[in-house]
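What follows is one structure encoded as structure tokens, with my remarks underneath.
Everything numeric in this text was worked out from a predicted model, so none of it was measured. Each chain gets a letter, A, B and so on, in the order the sequences are listed, and its residues count up from 1.
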2 protein chains.
Amino acid sequence: MRLVVAKCSVDYEGRLRAHLPLATRLVMVKADGSVLIHSDGGSYKPLNWMNPPLTLHEGTPDEDAAALGAVSTWTVASAKTDDKLTINFHSFEHDSAHILGTDPGLIKDGVEADLQRLLAEQIELLGDGHKLIRREYMTAIGPVDILARDAKGATVAVELKRRGDIDGVEQLTRYLDLLNRDPLLKPVTGIFAAQQIKPQARTLAEDRGIRCLTLDYDAMRGVDDSAGRLF
Amino acid sequence: MRLVVAKCSVDYEGRLRAHLPLATRLVMVKADGSVLIHSDGGSYKPLNWMNPPLTLHEGTPDEDAAALGAVSTWTVASAKTDDKLTINFHSFEHDSAHILGTDPGLIKDGVEADLQRLLAEQIELLGDGHKLIRREYMTAIGPVDILARDAKGATVAVELKRRGDIDGVEQLTRYLDLLNRDPLLKPVTGIFAAQQIKPQARTLAEDRGIRCLTLDYDAMRGVDDSAGRLF
DNA sequence: TTTTGAATTTCGGGT
DNA sequence: ACCCGAAGTTCAAAA
């Protein structure tokens, strides 16, 4: 990884055009060729970047750039698309290179897939006597997160979200419309389950006869006997 | 901006849990407090990060971390949420600080808004004799990108995308269903316009009687007399 | 301030 | 390889 802190201007041309006026920024060149240009604020997203595979050419500024005071120009071109990044350097404050090696990678825990696994294992959270039919029950319009059977034997479709929003209710509604056309499953009721359910979504769901279920991930994780195995 | 290259392990706990095993990485601390942890590959997205406002505490490792060889521990806590990042440093390879100043910011050109403006100005790209009714024509289910009238006086609804995908066709279909219920507008035909239209989207669109229009942004920009004013 | 939709989205899983 | 959907989405603009 090469780290360059320098006063520079940047132009990107590809899927869009973008221009960065002259200022001091960090230019990061990763081992795989990625180029990232960061300012000293904002978020984790760089101001500009290029993804590999690419070619990086360090050259002399063209006439216009030189007239404006550029002393070095990097031309970064994507090997696959016609994206191009041009960095005109005016002065360098820092330039260092480092060997980092490959990263073992991030281990995540607590995403929707985990919620789904936990809810399938603790299916009675839906209500006493509920039995799991299956996860990711395929339909023509996509997979229903969880299909279950309640104590009375009626089918229950569960839409699972980390954050329950209107579109999740719409999604479940479409599934319910479809599933209720199947005489073998009919009648199918719906449960909208999420860690957090927005008031609007709750109102819409209940208006459509869909039950809402707020999930406590930490509690569910506590019940799960495999909890903590990652750390 | 502070740049630290060090062998470290990282734990994040917040909206999810995540763990990074011991490896050499770049830890970037921006002037606004943001902390970014980058590996030497991947994309522009850091492995872990924390957004401001936050507090950064440099302390000594706890017993467990020290036993594993940690010599310094950073605790980064969000001031607003309960997100927390813990970095256990085992050895430092580089540590430098730099004054960058505020960034003048990025100037973009060529996003969907530009496309829409250009297409509205060059409405005859839809076909000879087309007239603009209005941009962002509001309906109960959202704004239609462009509403126009063709040479015969029939209404035309345009859905505009940078990259034309199935969901864009679905969106336009919903608009057309709605607009065709309005006796004042009926009959309304649809045009799906995008810089790139995926084959599946094109097939679906044409199957529904929606015309597809591929837009050449550079050509449209060339026609626009305000082109190039940004640079 | 909340909400809505785009993004040079990225990223991962499945087919 | 493409397709689909989640994301600690982030981000900006509009309501």
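The separation between L106(B) atom CG and dT10(D) atom P is 19 Å, rounded to whole Å. Atom CD1 of I107(B) and atom C1' of dA12(D) are 16 Å apart (whole Å). Atom-to-atom, NE2 of H38(B) to C1' of dT10(C) comes out at 13 Å; the value is rounded to the nearest Å. Rounded to an integer number of Å, the gap from CG of D114(A) to C1' of dG12(C) is 13 Å. The CZ atom of R117(A) sits 18 Å away from the P atom of dA6(D) (whole-angstrom rounding). Remark: P of dT2(C) and CZ of R163(A) are 14 Å apart, rounded to the nearest angstrom. When the P atom of dC3(D) is taken as reference, atom CD of E170(B) falls 15 Å away, rounded to whole Å. The distance from atom CD of E112(B) to atom P of dG5(C) is 11 Å, rounded to the nearest whole Å.
At least one donor-acceptor pair closer than 3.5 Å links the side chain of Q122(A) to the backbone N or O of M220(A).
Residue-level contact check: N51(A) touches the backbone only, with heavy atoms under 4.0 Å from sugar-phosphate atoms and none from bases. If you check every strand for non-hydrogen atoms under 4.0 Å, Y12(A) touches a base.
Straight-line distance between the P atoms of dG8(D) and dG5(C): roughly 22 Å, to the nearest whole Å. Using atom P as the reference point in both dT10(D) and dG12(C), the two lie 16 Å apart (nearest Å). A gap of 22 Å separates the P atoms of dC4(D) and dT8(C), to the nearest Å.
Residue-nucleotide stacking is present for W49(A) and dT8(C), judged by a side-chain ring centre under 5.5 Å from the six-membered base ring centre and planes under 30° apart.
In the set dG8(D), dC11(C), dA6(D), dG8(D) carries the atom at the smallest distance from any side-chain atom of R15(B). Each of dT8(C), dA6(C), dG8(D) was ranked by its minimum atom distance to the side chain of D83(B); first place goes to dG8(D). For K198(B), the side-chain atoms get nearest to dC3(D) when compared with the rest of dA6(C), dG8(D), dC3(D). Checking dT10(C), dT8(C), dT10(D) against every side-chain atom of Y44(B), the shortest atom distance belongs to dT10(C). Closest approach to the S43(B) side chain among dG8(D), dT10(C), dA6(C) is made by dT10(C) (side chain taken as heavy atoms from C-beta onward). Side-chain proximity of K108(B) to the nucleotides dT8(C), dA7(D), dT10(C) is greatest for dT8(C).
Taking the nucleotide of DNA chain C with the nearest heavy atom to each of G42(B) and L85(A), the more 5' of the two is matched to L85(A). Between M138(B) and V111(A), the residue whose closest nucleotide on DNA chain D is further toward the 5' end is V111(A). Nucleotides of DNA chain D nearest to P143(A) and K80(A) differ in position, and the one nearer the 5' end is that of K80(A). A residue-by-residue look at N48(A) and D165(A) shows that D165(A) has its nearest nucleotide of DNA chain C further toward the 5' end.
Closest approach of W74(A) to V4(A), counting heavy atoms only: CH2-CG2, 4.0 Å.
Classification of the H38(B)-H38(A) ring pair by plane angle, with boundaries at 30° and 60°, yields perpendicular.
Crowding of E136(A) atom CD: a count of heavy atoms from other residues, nucleotides or ligands under 6.0 Å exceeding 12.
For E170(B) and R174(B), the salt-bridge test fails: no basic side-chain N is under 4.0 Å from an acidic carboxylate O.
Regarding contacts with the backbone of dT8(C), a side-chain N or O of K45(A) is found under 4.0 angstrom from either OP1 or OP2. OP1 or OP2 of dA6(C) lies within a sub-4.0 Å distance of a side-chain N or O belonging to K161(B).
A salt bridge (charged side-chain N to carboxylate O under 4.0 Å, His left out) check over residues 195-205 of chain B, counting only residues at least two apart or in different chains, returns the pairs R202(B)-E206(B).
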